[in-house]
Amino acid sequence: MQSSFVSVAVVACLCGMASGAILFDRACPTEVDAMSYFSVESYLGKWYEIQRYESEFELNFDCVQVRYTLNDDESVEVSNSAYNLFNGSSINALGRAVLSFPDADIIQGKLNVSFFGAPNDLSNYWVLDTDYQTFSVVWNCQPVGEQQSEESFWVLSRTPTLPADTDIMFRIHNIMRRYIDRSQVRFTRQVDDRCPVF
């Protein structure tokens with residue numbers, strides 16, 4: 001399977017930053033299911049990025065954090081921050097998230113996330129699994145023509161490192177085994193004295 005980095009529109013970003021995904025020479029997988037009975041309220045708060053598919057926008061950035069805060073209109077403010085350990089630069093992206101299908105009988109972990117005031121009409125943030133307290137696995141796929149797709153993937157943690165819990169690791173690796181190209185996964189450095197407190 002060949003893949004390459006491509007830059008896409010700002011609206012295609014999820015939790016990671018503001019643009020970019022990996023281009024795969026395949027259609028979007030159809031067997032991927034988002035989490036059922038998803039709770040936005042339980043998902044709020046601060047998360048640390050542990051792993052990701054690299055994107056052009058995040059290239060060479062570590063210390064990535066995202067904070068979700070509930071707005072008065074029941075949407076979610078998304079604040080992403082990252083730091084470049086090589087040159088000391090930092091970035092911050094502010095966005096908005098809403099449930100993709102808020103009127104469904106069973107709420108799934110599918111959200112529309114957009115940044116910098118872009119249209120908020122694309123279901124592009126799928127929480128595949130989370131226990132809300134320690135970890136979250138997030139994925140997105142958007143078609144590019146009939147035989148190509150752009151995918152994003154993140155593993156998030158409530159702490160700078162994942163807990164050494166066999167159940168959590170099994171759940172994460174089970175998803176990665178089924179859906180993720182491990183050769184494209186990059187580990188995010190969080191345990192570094194240069195990482196700022198966002």
Side-chain angles (χ1 to χ4, degrees), residues 3-24 43-71 75-97 111-120 122 124-127 130 132-142 150-165 168-169 172 176 180-198:
S3 62
S4 61
F5 297 114
V6 296
S7 179
V8 297
V10 168
V11 295
C13 156
L14 305 183
C15 67
M17 279 294 117
S19 70
I22 291 183
L23 181 67
F24 286 96
Y43 202 73
L44 299 174
K46 185 176 183 178
W47 292 93
Y48 294 84
E49 180 188 273
I50 303 299
Q51 298 178 48
R52 69 174 183 250
Y53 277 165
E54 186 70 284
S55 70
E56 185 173 307
F57 193 87
E58 274 190 290
L59 192 63
N60 294 324
F61 279 93
D62 287 283
C63 315
V64 181
Q65 300 175 24
V66 59
R67 186 180 300 275
Y68 300 106
T69 308
L70 195 64
N71 293 319
S75 67
V76 175
E77 180 183 87
V78 182
S79 177
N80 289 321
S81 302
Y83 183 75
N84 189 315
L85 294 170
F86 298 105
N87 62 24
S89 64
S90 62
I91 54 176
N92 183 268
L94 293 177
R96 179 174 178 268
L111 296 98
N112 300 9
V113 180
S114 62
F115 288 82
F116 310 114
N120 194 239
L122 185 66
N124 59 0
Y125 185 103
W126 288 20
V127 179
T130 184
Y132 303 104
Q133 302 301 315
T134 53
F135 82 100
S136 177
V137 180
V138 181
W139 176 83
N140 170 53
C141 186
Q142 300 298 324
E150 291 170 340
E151 292 188 33
S152 302
F153 165 75
W154 296 270
V155 175
L156 307 177
S157 174
R158 290 292 191 183
T159 55
T161 58
L162 281 170
D165 183 289
I168 291 171
M169 298 311 297
I172 293 171
M176 293 180 71
I180 303 305
D181 181 351
R182 290 173 183 255
S183 69
Q184 300 296 328
V185 173
R186 177 206 195 273
F187 285 82
T188 306
R189 282 180 280 186
Q190 294 284 3
V191 185
D192 190 296
D193 291 340
R194 293 169 292 174
C195 285
V197 177
F198 293 114

Is there a donor-acceptor pair under 3.5 Å between the side chain of [X] and the backbone N or O of [Y]?
X      : Y      : answer
Tyr53  : Asp181 : yes
Arg158 : Lys46  : yes
Asn92  : Asn80  : yes
Gln190 : Glu49  : yes

Walk me through it: do Cys63 and Leu85 pass the test side-chain contact (heavy atoms from CB on, under 4.5 Å)? CA-CA 8 Å; Cys63 315; Leu85 294 170; 3.9 Å; yes

Note, Val76 side chain near Leu70 side chain (heavy atom, < 4.5 Å):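 Yes. Closest side-chain heavy atoms under 4.5 Å.
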
Can you give me the closest heavy-atom contact between [X] and [Y], atom names plus distance?
X      : Y      : result
Cys141 : Glu151 : SG-CG, 3.6 Å
Ser114 : Pro119 : CB-O, 3.4 Å
Leu162 : Ser157 : CD2-CB, 3.7 Å
Phe116 : Ala93  : CZ-CB, 3.8 Å
Leu156 : Ile50  : C-CG1, 4.3 Å
Pro196 : Gln65  : O-NE2, 3.7 Å

Measuring from atom [atom1] of [X] to atom [atom2] of [Y], what distance do you get when rounded to the nearest 0.5 angstrom?
X      : Y      : atom1 : atom2 : value
Gln184 : Phe153 : CD    : CZ    : 12.0 Å
Ile180 : Ile22  : CD1   : CD1   : 9.5 Å
Asn140 : Tyr125 : CG    : OH    : 11.0 Å
Asp62  : Arg186 : CG    : CZ    : 4.0 Å
Gln142 : Leu122 : CD    : CG    : 4.0 Å
Ser136 : Tyr68  : OG    : OH    : 7.5 Å

For the pair Phe61 and Thr188, evaluate side-chain contact (heavy atoms from CB on, under 4.5 Å) and give the outcome as yes or no after the intermediate values. CA-CA 8 Å; Phe61 279 93; Thr188 306; over 6 Å; no

side-chain contact (heavy atoms from CB on, under 4.5 Å) between Val155 and Phe135: does it pass, once the steps are laid out? CA-CA 7 Å; Val155 175; Phe135 82 100; 5.6 Å; no

Please identify each residue that fulfils salt bridge (charged side-chain N to carboxylate O under 4.0 Å, His left out) with Arg194, with sequence neighbours left out.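 Asp192.
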
Who are the side chain to side chain contact (heavy atoms under 4.5 Å, CB included) partners of Tyr132, not counting sequence neighbours?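 Per chain and number, Tyr132 pairs via side chain to side chain contact (heavy atoms under 4.5 Å, CB included) with Met35, Phe38, Ser39, Ser42, Tyr43, Thr130.
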
